[in-house]
Amino acid sequence: MSGRVGITAGRKGVAAIAAAAVFSIPATVFGTDCKQEQAVYVDRDGAYELRFAPLNSASAAASNQFKMSALKTAVVMEGYVMPSQDPVRAIGILMFNCPEGDVTGADLDACTVWQGAVYGMDAKGEIANLQPEGAAAAEKLVLPGLGPAIRESSAWGEGKASVAPWDVLTFKECAT
């Protein structure tokens, strides 16, 4: 009888170990099957979420679009990534409360929160320009100067963002 109990306990033990192994695998392992336009990222403090969305346009000048939310607030910023030349870079722009319709350069300057290079990092820690939609999602995003730029923007203040994000965002999940 004790042998039977040991076998049952052994099966439960194996199942528990297998379940623990599956659930302890970092989300980044599952990110390899995710396309960039479905990727969701978070900052290290859990204060921000960056969510990509499909462009739905073959003729768009941008290579990616996203929304960045300051969690626990109503702040949602809109962003785009565009290719640039000489040198080739993925350049991002993040905006907050931009006016609709025809806008001037001054209008865009006033609502721009951050602008700069957008880098994707793979599982080996190698950094490259963020790939356009359709490519595999990056394991991490690097947006140099993002935190200080948000702190100096119109998205910062009472009732708005009050924690500056780190410049590195980590893959959280693949949106469906």
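All values derive from a computational prediction rather than experimental measurement.
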### Message
Less than 4.5 Å apart, side chain to side chain, heavy atoms only: is that true for Asp167 and Pro148?
### Response
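In short, these two side chains touch, coming nearer than 4.5 Å.
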### Message
Are the side chains of Ile91 and Val118 in contact, using a 4.5 Å heavy-atom criterion?
### Response
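Result no, sub-4.5 Å side-chain heavy-atom pair not found.
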Rounded to the nearest 0.5 Å, how far apart are [atom1] of [X] and [atom2] of [Y]?
| X | Y | atom1 | atom2 | result |
| --- | --- | --- | --- | --- |
| Thr112 | Ile93 | OG1 | CD1 | 4.0 Å |
| Ser153 | Met77 | OG | CE | 6.5 Å |
| Cys34 | Glu173 | SG | CD | 9.0 Å |
| Ile150 | Met68 | CD1 | CE | 4.5 Å |
| Leu50 | Leu94 | CG | CG | 8.0 Å |
| Cys174 | Asp33 | SG | CG | 8.5 Å |

Over all atoms of both residues, closest heavy-atom pair of [X] and [Y]:
| X | Y | answer |
| --- | --- | --- |
| Pro99 | Cys111 | CD-SG, 4.4 Å |
| Ala161 | Tyr48 | CB-OH, 3.2 Å |
| Thr73 | Val75 | OG1-N, 3.1 Å |
| Phe171 | Ala39 | CE1-CB, 3.9 Å |
| Leu55 | Ala62 | CD1-O, 3.2 Å |
| Ala155 | Lys160 | O-CB, 3.0 Å |

#### Entry: Residue pair Gln36, Leu130: steps toward the side chain to side chain contact (heavy atoms under 4.5 Å, CB included) verdict
CA-CA 9 Å; Gln36 192 62 58; Leu130 182 68; 3.6 Å; yes
### Query
Do Thr104 and Asp107 have a side chain donor and acceptor closer than 3.5 Å?
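Side chains of Thr104 and Asp107: pair found under 3.5 Å.
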Are the side chain of [X] and the backbone N or O of [Y] linked by a donor-acceptor pair below 3.5 Å?
| X | Y | result |
| --- | --- | --- |
| Trp114 | Pro144 | yes |
| Asp45 | Ala47 | no |
| Gln65 | Val81 | no |

### Task
Could you tell me whether Glu49 and Arg51 make a salt bridge, using a distance below 4.0 angstrom between a side-chain N and a carboxylate O?
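Looking at Arg51 together with Glu49, the answer is yes, because their closest N to O distance falls below 4.0 Å.
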### Task
Could you work out the complete set of other residues in the hydrophobic cluster of Ile127, with links drawn between I, L, V, M, F, W and Y side chains under 4.5 Å apart?
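Direct or chained contacts put Ile127 with Tyr119, Met121, Val142, Trp166, Val168.
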### Query
Tell me the ring-ring contact (aromatic ring centres under 6.0 Å, His included) pairs involving residues 59-109, sequence neighbours left out?
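Matches after skipping sequence neighbours: Phe52-Phe66.
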### Query
Among Glu133, Gln131, Glu37, whose side chain to side chain contact (heavy atoms under 4.5 Å, CB included) with Asn64 holds?
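Among the candidates, only Glu133 passes.
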